[in-house]
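To start, the structure itself, in structure tokens.
The shown structure was predicted, so the numbers you read here are calculated from the model rather than taken from an experiment. Residue numbers count from 1 along this sequence.
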Amino acid sequence: MDGVLSARMPSVQLGALSTQGYQFGLFSSEGFNQPLYRQALLADYTLTATDRQNNASTVTQWQNWLSSQKGDGTPWFSWQALDGVDLSGATAKTR
């Protein structure tokens, strides 16, 4: 991890997809605030500072983004970084 952070190596996968014209949707419950994202993997992207939010909000934002993608053949890639288990919006179901 220290080597990746000190080298500030962006994600090769995201770089290749960007070169190929992909549209990106990046969504995170913790705002991509970890150094691994900001200093390395997503260093080539401008990430606005965001507050933590629950996973349900992150998924809703992703769903809205996904539904806004046009069916014009433009390729897209999305990344969701969710926080562990979040039961705040869950409903109990019994059988």
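Under the 3.5 Å distance criterion, the side-chain polar atoms of Thr19 are matched with a main-chain donor or acceptor of Gly15.
Linking ILVMFWY residues whenever their side-chain heavy atoms come closer than 4.5 Å, directly or via other members, leaves Leu42 and Trp65 in distinct clusters. When hydrophobic clusters are built by joining Ile, Leu, Val, Met, Phe, Trp and Tyr residues whose side-chain heavy atoms come closer than 4.5 Å, directly or via intermediates, Phe32 is grouped together with Leu36.
Counting all heavy atoms, side chain and backbone alike, Gly21 lies closest to Thr74 at O-CG2, 4.1 Å. Across all non-hydrogen atoms, the minimal contact from Thr58 to Ser29 is OG1-OG, 2.8 Å.
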Q) Given the rule in the ring-ring contact (aromatic ring centres under 6.0 Å, His included) test, do Phe24 and Tyr45 qualify, once you have shown the distances and angles that lead to the verdict? A) CA-CA 10 Å; Phe24 289 97; Tyr45 299 89; 5.5 Å; yes
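One finds the CH2 atom of Trp79 at 11.0 Å from the CG atom of Leu17 (value rounded to the nearest 0.5 Å). Between Leu14 atom CG and Leu26 atom CG the span is 7.0 Å, to the nearest 0.5 Å. For the atom pair OG (Ser78) and CD (Gln61), the distance works out to 13.0 Å, reported to the nearest 0.5 Å.
For the pair Gln20 and Phe77, the minimum side-chain heavy-atom distance is 4.5 Å or more.
Under the rule for a side-chain contact (heavy atoms from CB on, under 4.5 Å), the partners of Gln80 that lie at least two apart in sequence or sit in another chain are Phe27, Val59, Trp62, Leu82.
More than 12 heavy atoms of other shown residues, nucleotides or ligands fall within 6.0 angstrom of atom CG in Asn64.
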